[in-house]
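Below is one structure; the comments refer to it alone.
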Amino acid sequence: MEIDRALVSRIAERVLRELEGAEVTAPGTLLGCFPDVASAIQAAEKAFQAYRSIGLERRMEIIQRLREGLRLRVQELASIAVQETGMGRLEDKVKKNLLVINKTPGPEILRAEAVSGQHGLCLEELAPWGVIGAITPSTNPSESVINNGIGMISGGNAVVFNAHPSAKQTTAFTIDLMNRLLVTEGAPANLITCVSEPTIESANELMRSPGIKLVVVTGGPAVVKAAFASGKKVIAAGPGNPPVVVDETADLEQAGRGIVAGASFDNNIVCVCEKEVIAVEAIADRLKAAIVAAGAYELRGPEIATVEKLVVDGWHPNKEFVGKDASVILRAAGISFTGDPRLIFADVPFDHPFIQAELLMPLIGFTRARDIHEAIELAVKAEHGFRHTASMYSKNIDHLDEMARAVNCSIFVKNGANFNGLGFEGPGSTSFTIASPTGEGMTNAIHFTRRRRCVLKDHFRIV
Ligand code: NAD
């Protein structure tokens, strides 16, 4: 029998790596999870130093294998998140996890640039920052870690995560899994670490630690504000309140289907999900019928105030209903319904909380505008200047152009569900850290690097 020596040596190398990985933690503990911020940073720094000697080609192979390993575990990743956070839909979480595993760009997007001239050669490369401090939301716990993790280590960095306290187990599970896959493929242990018991205090300690070179935060307004106070280079992905405008030229069946699919995706806890509809008066009633035909329940008369009292607390959502199924909300409000509606909507005035507040549940406001110009004006107001995500259904290119310019968001989707703009069932790569306050938009490995210029004077020219 002929022995494939290369294969044997590869298997032996893997076994050794696994044993090495096992040595770095005591039995029963989770790889990459540390009791405090200082030890999580220290371990990540050690990993970063070892990772520096691994070339770009190996980095690509490691990320490829990481994707393959994660793909096999999406069911577990999705169900642990639903169980722990009590938010979202299992089948949508599976789709979200697959999306970040498959469509987060890897090291292949890092391109060096070389310019030669009379005075020599100038090379610009994208170098790692070192150890990144990343704060993640409860709404996409494993997805944010996978998306940020792939992007950050593709850029040559190590990363310490501080999760939302209500998603700490999902985060630790994801980080343990990623570390095991990475170590097996020859990456240093603890390239991705976290604080086992994350709190707001540990988040602030992480962001301010001298060992952290870049701060990347994904969440609501409070964490964005805290990140700016860290005194570090910050990439901030904040809240949104994405409006959908529908005009009189739109394909209303398509709009109805897109609005229901988009606004109910993972029960609307994804930041890009449609949060309110602004319809031109001429087609408003027909659009409502299309939304109902696509599987939504329309609140009518006194039902609107009953549900408002239940799910809105001032201008904030009642946390009890964030990410819950539409049927749970309807039942809690004592409203009888048939089937299993994916979305609830209500025809309300523009200043209603269903329009103005980011509710993060499968319940959206619907309001009317005189014409397309007023609809766009209202959409810009409802978006509150977050510059996050907006969308429009129209066949009129002047209207689409007017809205794109006026709303000026990181993502603008035309004639599709907002998740299409996230790369889900749509073109382009994905990101779960859409940095509107700091301007990067859909973040990827390029944003997690810094430019380095290397100049050689008067050489490497033959003319
Ligand atoms: P959240 O703001 O409550 O928490 C986000 C993270 O920030 C958590 O880890 C939390 O512990 C931490 N945090 C909160 N307040 C902090 C403070 N004062 N100091 C330090 N850390 C703090 O958000 P959430 O409910 O977990 O997630 C939903 C929010 O995140 C929504 O507003 C949504 O739009 C936003 N989000 C944005 C993006 C994006 O890419 N722009 C992606 C996902 C979620």
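Atoms within a ligand are numbered from 1 in the order they appear, just like the ligands themselves. Just so you know, residue 1 is the first one in the sequence shown, and it goes up from there.
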| Between Asn190 and Thr193, do the side chains contain an N or O donor and an N or O acceptor separated by less than 3.5 Å? | no
| field | Check: Phe354 ring centroid to Phe345 ring centroid under 6.0 Å | value | no
| field | Donor-acceptor pair between Thr433 and Asn148 side chains, under 3.5 angstrom | value | yes
Does ligand 1 have any N/O atom under 3.5 Å from a protein N/O, and what are those pairs and their distances?
unit_1, atom_1, unit_2, atom_2, d
ligand 1, 2 (O), Gly220, N, 2.8
ligand 1, 9 (O), Thr136, O, 2.7
ligand 1, 9 (O), His164, N, 3.2
ligand 1, 19 (N), Asn204, ND2, 3.4
ligand 1, 26 (O), Ser138, N, 2.7
ligand 1, 26 (O), Ser138, OG, 2.9
ligand 1, 32 (O), Glu358, OE1, 2.8
ligand 1, 32 (O), Glu358, OE2, 3.4
ligand 1, 34 (O), Glu358, OE2, 2.5
ligand 1, 40 (O), Phe432, O, 3.4
ligand 1, 40 (O), Ile434, N, 2.6
ligand 1, 41 (N), Gly238, O, 2.8
ligand 1, 41 (N), His388, NE2, 3.1
ligand 1, 41 (N), Ile434, O, 3.1

| Heavy atoms from other residues, nucleotides or ligands near CZ of Arg451 exceed 12 (cutoff 6.0 Å) | yes
| Should the heavy atoms of other residues, nucleotides or ligands under 6.0 Å from CZ of Arg52 be counted, would the total exceed 12? | no
| task | Determine whether the side chains of Ser410 and Ser436 contain a donor N or O and an acceptor N or O closer than 3.5 Å. | result | yes
